[in-house]
Amino acid sequence: MESNRSIITHLLSQVRIGMDLTKVVLPTFILEKRSMLEMYADFFAHADLFARIPDYDDAKERFIEVVRWYVSAFHAGRQSSLPKKPYNPILGETFQCMWDISDTVQCDDVEQSLLDSGPVPWANKNCVGFIAEQVSHHPPVAAFYVEHASKKISANAHIWTKSKFLGLGICAHLVGEGRIVDHVHKEEYIATFPSAYARSILTTPWMEMGGQVTINCPTTGYSANIDFLCKPFYGGSKHRITAELFHVSSPKKSFMSLEGYWNGVVNVKSGGSTSVFVDTQKMAIVRKLVRVIDDQDEFESRRLWNDVTENMIGNNIELATNAKAKLEERQRREAKERKEHGTEWVHKLFSGSLDNGFFYRGPLGKRMANI
């Protein structure tokens, strides 16, 4: 522990408050044993909530279900009380998984061609499929796409991770947006993301989420303002969340108020009473299913980082560090070669730009239109 602390102290001596940490190489022992791309998949740990959104006939109820899924989407990726940083994905790295929700969600049959051409071709009709790609290294931007073809719902997101040193902590701003599309009702919901904070990094580290996010549905006029509240310096509670839901017909008066904890219970406030909106401590997490490493492509996350992960599990920190450095050096070498030859990086699965976002090339709506 003292050795690790001295390394952190040395690292902190090289940075200053407000400094962008994108290019700072972190010691291997403080890394989480997975890629950031896999962490983003945890947004769908309650894939059953996501898939059920189109089931509701009323637009207001559908919007409430979008909010219900959203406020339950952050706890699964933050099970540890200690902040650990996932691996920085390599440019062109991908991650692919699915969630089988057959036990909890009923669905209709679907054209097999929609499944075969989807993001996870081996998924069955009642699976939520996920695929992600690191589309930029400097700055670090990831894009991911999710769908349940039978339920006719999909989501696309791009996230630019902006990390800054705060003195006694680190902040990671998740800049970007997600777009959930209900193809049954032809509705699109646009959501932003909170920031993540690592606090007290020199004593007893802990993490929290903070910032105001929004969810808007331009089609129906529903919107939500959600606040992830940082713990005050003196007193107060960690991990609090509040939300107000509105309709354009009454833009200053919310029709629903929420408060609670994003990693615990969130309640609906109505008059002087409350009722449970979500209870993440009791909700079952749907386990994501990932192909075994031998069946993965060279640039899929778990195969790409396998040597690092295995050595970290075995507490062989030096070997893990060497394996990590080898990947990073290859990335630098390939970037140098592209620059020397005047060639541009070609994205594998997504198209777009930093200014306009990145979008999956074979989304569900496009494939449905071609049937």
Side-chain angles (χ1 to χ4, degrees), residues 34-35 37-57 62 65-66 68-70 72-73 76-77 93-133 142-157 178-189 283-304 348-350 359-371:
R34 60 176 180 164
S35 171
L37 295 186
E38 181 169 352
M39 193 193 78
Y40 289 143
D42 286 338
F43 287 150
F44 297 88
H46 300 296
D48 48 343
L49 293 184
F50 173 77
R52 288 196 191 104
I53 291 169
D55 290 350
Y56 295 81
D57 294 329
R62 288 192 296 275
E65 291 308 304
V66 171
R68 193 189 309 276
W69 162 73
Y70 184 92
S72 68
E93 179 183 335
T94 62
F95 180 76
Q96 195 172 32
C97 70
M98 66 182 185
W99 298 265
D100 191 329
I101 54 176
S102 302
D103 292 341
T104 56
V105 175
Q106 300 297 316
C107 73
D108 297 328
D109 289 333
V110 65
E111 291 280 349
Q112 186 61 41
S113 61
L114 279 182
L115 299 177
D116 294 342
S117 60
V120 185
W122 53 89
N124 66 48
K125 70 176 184 178
N126 210 351
C127 282
V128 173
F130 174 99
I131 195 159
E133 178 184 354
F144 62 79
Y145 175 80
V146 189
E147 72 173 38
H148 189 302
S150 178
K151 289 292 188 179
K152 296 181 173 58
I153 186 169
S154 63
N156 191 103
R179 292 175 177 256
I180 302 105
V181 181
D182 173 354
H183 300 275
V184 177
H185 301 97
K186 295 179 172 53
E187 294 170 354
E188 184 176 60
Y189 307 88
M283 295 164 63
I285 292 176
V286 183
R287 186 171 66 92
K288 60 177 172 283
L289 304 175
V290 185
R291 290 187 299 176
V292 297
I293 287 176
D294 287 345
D295 292 340
Q296 293 182 18
D297 296 332
E298 179 186 1
F299 270 76
E300 285 193 60
S301 296
R302 290 192 179 180
R303 180 174 176 181
L304 186 68
K348 300 175 180 178
L349 305 166
F350 292 80
F359 298 90
Y360 187 60
R361 292 194 188 116
L364 180 59
K366 181 179 180 180
R367 301 192 332 268
M368 288 171 57
N370 291 331
I371 290 180

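Below, all heavy atoms of this structure are taken into account, side chains as well, without hydrogens, waters or symmetry copies. The model shown is predicted, which means the values in this text are computed figures rather than measured ones.
- At least one donor-acceptor pair closer than 3.5 Å links the side chain of Asn124 to the backbone N or O of Asn126.
- Ring geometry, Tyr40 versus Phe144: the interplanar angle falls from 30° to 60°, so the pair is classed tilted.
- Shown here for Ser35 and Glu93, the closest heavy-atom pair between the two residues is OG-OE2, 2.7 Å.
- A donor-acceptor pair is defined here as one N or O able to donate and one able to accept, closer than 3.5 Å; such a pair exists between the side chain of Asn156 and the backbone of Tyr360.
- Met39 has its side chain out of reach of Ser301: every pair of non-hydrogen atoms, C-beta onward, lies at least 4.5 Å apart.
- Arg34 and Asp42 are joined by a salt bridge, as a carboxylate oxygen and a charged side-chain nitrogen come within less than 4.0 angstrom of each other.
- Between His46 and Ile285 the shortest side-chain heavy-atom distance falls below 4.5 Å.
- Smallest separation of non-hydrogen atoms from Val184 and Pro54: CG2-CB, 4.1 Å.
- In this structure, CE in Met98 is found 10.0 Å from CZ in Arg287, a value given to the nearest 0.5 Å.
- Residues Pro121 and Asp116 approach most closely at CB-O, 3.5 Å, considering heavy atoms.
- Between Trp99 and Phe44, the ring planes lie tilted relative to each other; the angle falls in the 30° to 60° range.
- Looking at Glu300, its side chain does come within 3.5 Å of a backbone N or O of Asp297 through a donor-acceptor pair.
- A salt bridge links Lys125 with Asp109: at least one charged nitrogen is closer than 4.0 Å to a carboxylate oxygen.
- Nearest heavy-atom pair, Phe359 versus Arg179, reported as atom, atom and distance to 0.1 Å: CE2-CD, 4.1 Å.
- Judged by the 6.0 Å distance and 45° axis criteria, Lys348 is positioned over the aromatic ring of Phe299.
- Heavy-atom contacts from other residues, nucleotides or ligands closer than 6.0 Å to CD of Gln106 number 12 or fewer.
- At least one donor-acceptor pair closer than 3.5 Å links the side chain of His148 to the backbone N or O of Lys151.
- One N or O on the side chain of Gln296 and one on the backbone of Arg291 form a donor-acceptor pair closer than 3.5 Å.
- At a threshold of 4.0 Å, the pair Glu65-Arg52 does not count as salt-bridged, since none of the basic side-chain nitrogens sits closer than that to a carboxylate oxygen.
- In this structure, Ser154 contributes its side chain and Val146 its backbone to no donor-acceptor pair below 3.5 Å.
- For the side-chain hydrogen bond (donor to acceptor under 3.5 Å, both in side chains) with Glu147, the qualifying choice from His183, Arg367, Lys152 is Arg367, the only one to do so.
- Looking at Glu133 and Arg361, no side-chain N of the basic residue comes within less than 4.0 Å of a carboxylate O on the acidic one, giving no salt bridge.
- With a 4.5 Å cut-off on side-chain heavy atoms, Val120 and Ile131 do not count as touching.
- Residues Arg62 and Tyr189 meet the side-chain proximity criterion, which asks for heavy atoms closer than 4.5 Å.
- Atom SG in Cys127 sits 9.0 Å away from atom CG in Leu115 (nearest 0.5 Å).
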